[in-house]
Number of protein chains: 2
Amino acid sequence: MVSTHPLVVPSPPAPTGRRLTAAERERQIVEGAIAYFAEVGLDGQTRELARRLGIAQPLLFRYFPTKAALIERIYEEVYLKRWDAGWEATVRDPSLPCLERFRRFEIDYQRTIDNYAWLRIFVSAGLKGFDLPSRYLGMVRARIFTPLLTDMRAESRLPSPEDQPLAADEYELLFGIHGALVYVGLRSLVYGIDGGVDRDAVRAAMLDAALPGLLATHRRVVAARRETAASGA
Amino acid sequence: MVSTHPLVVPSPPAPTGRRLTAAERERQIVEGAIAYFAEVGLDGQTRELARRLGIAQPLLFRYFPTKAALIERIYEEVYLKRWDAGWEATVRDPSLPCLERFRRFEIDYQRTIDNYAWLRIFVSAGLKGFDLPSRYLGMVRARIFTPLLTDMRAESRLPSPEDQPLAADEYELLFGIHGALVYVGLRSLVYGIDGGVDRDAVRAAMLDAALPGLLATHRRVVAARRETAASGA
DNA sequence: TCCTCTCTTGAGCGAACGATCAACAAGGGC
DNA sequence: GCCCTTGTTGATCGTTCGCTCAAGAGAGGA
């Protein structure tokens, strides 16, 4: 009587083969959570997530003690795990001029973050006041932009950061170009404007337009600061 | 017995003088809602909003039939009302070179949108799939960038848009610089990185760096497209 | 002084939220 | 075949959501 009653299920239940191993199920949950929270934001509902996975909602809490723990796992999966150590090597590669290092880094980096889940969860976390975005961009600043600016100083025969610390407006030079490239993805994946353009090509063109003048601008910025410091002293 | 019992109130209740006129109360609610939803996102709670205003929650529904209606009102207040018709005049001002028009527009525009509520509600709306961001940026594209690109064509003695329609990559030239300027505010007001810089000054410096090469790049882009079109025909 | 208009509130509805727990059922070892 | 381990679920708890409704209370005219 109780067993296998042919009851009509109210919601589309099981796109997944049941009784997975723990590892398989956990992976399925993580991937589904990334896709789901990217779509609806980090305050999406665990019930709806479970429904999309075709599993019961309590099963989520078997694998993650709390919703916050699941979100923490998403951070590791989407941001920390996709951080490419090669980026840090590229921007320090002494065999390349600094501008070429920057170009190669940005093209690689943007290809990584120009991703529905990456950008939307990043922004959603920022709005919710989580420190992921500031921590992540702090990493970009420290591990990418600092060594790059240091070598740009050397390449332009400017004082080393030891003699004259890197200033905020020098970082802004890089963040400016960086931000223009990020904005291409934001317009499409967060604001929902398709535009129908090849975003990789657009960013390559933007780099072509912005990079040639960068070293000269950098020299001007550093020189201006030296004058200010000299007149101030 | 019932009247004015000296009961301790559980939450800080009334920073506002009670019994306002309808117009005053409505204004207070709108301003409070802008600040509140900017802080916590558009799925903030009406109860918490009321608590911050020092009023009872049902009072919100006296002035706005639904939460969606209140949000719609926020759109009008923050985006439509702050749209400056002078921007459209600036970018068509025949007495100024196009680059100067663009600079003046961006400096004015960015000063308007570099605002906690403006940026955060804009992004929050984008994440929630509302069409405000795409509609608004469509307005920027049509009312600002189109006339600007049209006159840039003329200033560079290039074919008019009637003979050769404005192409996506021409718009991207302007959106690229535009996005770099917007990103300055996003980093601070959405991602929570203060940086301690004068964002107006940073943007002015970015314009100084980006504008000089813009016309030449524009000519190159248009020329490239003409070749493609010619070889394709 | 009292009445009336209207701004304002306390109490509460149905639904949905994150999270819990005991019971069910699919495998693999014996 | 049996049983024990473990992946999985239905039912449900306490809370909070947007929203409603009838009653309270201040201000102005008579």
Side-chain angles (χ1 to χ4, degrees), chain A residues 1-30 32-33 36-37 40-74 128, chain B residues 1-30 32-33 36-37 40-74 128:
Chain A
M1 198 62 138
V2 185
S3 58
T4 64
H5 46 283
L7 192 62
V8 251
V9 278
S11 56
T16 165
R18 9 176 63 176
R19 195 130 188 115
L20 303 185
T21 70
E24 288 169 336
R25 183 65 79 191
E26 183 175 322
R27 175 117 299 271
Q28 182 209 27
I29 290 176
V30 170
Y36 173 65
F37 287 124
V40 306
L42 287 176
D43 31 33
Q45 321 158 6
T46 58
R47 276 184 169 81
E48 172 66 13
L49 168 58
R51 202 190 57 77
R52 293 199 188 190
L53 289 170
I55 63 177
Q57 184 229 18
L59 194 55
L60 297 174
F61 292 90
R62 170 86 170 188
Y63 288 88
F64 298 94
T66 172
K67 183 184 171 185
L70 175 55
I71 290 178
E72 193 60 40
R73 172 63 178 276
I74 289 179
K128 293 204 76 177
Chain B
M1 197 59 140
V2 184
S3 59
T4 66
H5 45 283
L7 193 61
V8 253
V9 277
S11 56
T16 165
R18 11 176 61 177
R19 194 124 189 121
L20 304 184
T21 70
E24 288 169 336
R25 184 64 80 192
E26 183 173 323
R27 175 116 301 270
Q28 182 210 25
I29 289 176
V30 169
Y36 173 65
F37 287 125
V40 307
L42 287 176
D43 31 34
Q45 321 159 6
T46 57
R47 276 184 167 82
E48 173 66 13
L49 167 59
R51 203 190 56 77
R52 293 199 188 190
L53 290 170
I55 63 176
Q57 185 227 19
L59 194 54
L60 296 175
F61 293 90
R62 170 86 170 187
Y63 289 89
F64 298 93
T66 173
K67 183 185 171 185
L70 175 55
I71 290 177
E72 194 60 40
R73 173 62 177 276
I74 288 179
K128 293 203 76 176

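Any value given below was found using the heavy atoms of this structure, including those in side chains, with hydrogens, waters and symmetry copies removed. Throughout, protein chains are lettered first and strands after them, A, B, ... in sequence-line order, and every chain is numbered starting at 1.
Counting to the nearest Å, the C1' atom of dA26(C) and the CZ atom of R25(A) are 12 Å from each other. For the pair F64(A) CZ and dT20(C) C1', the computed distance is 18 Å after rounding to whole Å. At whole-Å resolution of the value, CZ in R51(B) and P in dT16(D) are 13 Å apart. Rounded to whole Å, atom C1' of dG7(D) lies 11 Å from atom CD1 of I29(A). Between L60(A) atom CG and dT20(C) atom C1' there is a gap of 14 Å when expressed in whole angstrom units. When the C1' atom of dA19(C) is taken as reference, atom CZ of F61(A) falls 5 Å away, rounded to whole Å. Atom CD in E24(B) sits roughly 14 Å away from atom C1' in dG26(D) (whole-Å rounding). For the pair R27(A) CZ and dG7(D) P, the computed distance is 17 Å after rounding to whole Å.
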Hey, can you pull the donor-acceptor pairs under 3.5 Å for the side chains in residues 54-71 of chain A, sequence neighbours left out?
{"unit_1": "Q57(A)", "atom_1": "NE2", "unit_2": "T46(A)", "atom_2": "OG1", "d": "2.9"}
{"unit_1": "T66(A)", "atom_1": "OG1", "unit_2": "A68(A)", "atom_2": "N", "d": "3.4"}
{"unit_1": "K67(A)", "atom_1": "NZ", "unit_2": "L42(A)", "atom_2": "O", "d": "3.3"}
{"unit_1": "K67(A)", "atom_1": "NZ", "unit_2": "G44(A)", "atom_2": "O", "d": "2.8"}

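For E48(B), the side-chain contact (heavy atoms from CB on, under 4.5 Å) partners are Y36(B), Q45(B), R51(B), R52(B), not counting sequence neighbours. Checked against side-chain hydrogen bond (donor to acceptor under 3.5 Å, both in side chains), R47(B) has no partners two or more places apart in sequence or in another chain. Not a single side-chain hydrogen bond (donor to acceptor under 3.5 Å, both in side chains) links E72(A) to another residue, sequence neighbours left out. The salt bridge (charged side-chain N to carboxylate O under 4.0 Å, His left out) search around E26(B) returns R73(B), not counting sequence neighbours.
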| field | Candidate pair D43(A) and F37(A), rule side-chain contact (heavy atoms from CB on, under 4.5 Å), full reasoning | value | CA-CA 7 Å; D43(A) 31 33; F37(A) 287 124; over 6 Å; no
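Rounding to the nearest 0.5 Å places CD of E24(A) at 12.0 Å from CD1 of I29(A).
Donor-acceptor pairing under 3.5 Å, judged by distance alone, is present between the side chain of R19(B) and the base of dT6(C).
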Any N/O pairs under 3.5 Å between the protein and nucleotides 11-13 of chain C? List them or say none.
{"unit_1": "dG12(C)", "atom_1": "O6", "unit_2": "R47(B)", "atom_2": "NH2", "d": "3.0"}

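With dG18(C), dT8(C), dT8(D) as the choices, the nucleotide that has an atom nearest any side-chain atom of L59(B) turns out to be dT8(C).
Not one side-chain nitrogen or oxygen of Y63(A) sits closer than 4.0 Å to the OP1 or OP2 atom of dG7(D). At the phosphate of dT8(C), neither OP1 nor OP2 sits under 4.0 Å from any side-chain N or O atom of R62(B).
Looking at heavy-atom distances under 4.0 Å, T66(B) makes contact with sugar-phosphate atoms alone, never a base.
Nearer to the 5' terminus of DNA chain C, by closest-nucleotide assignment, is the contact made by E48(A) (compared with the other of P65(A) and E48(A)).
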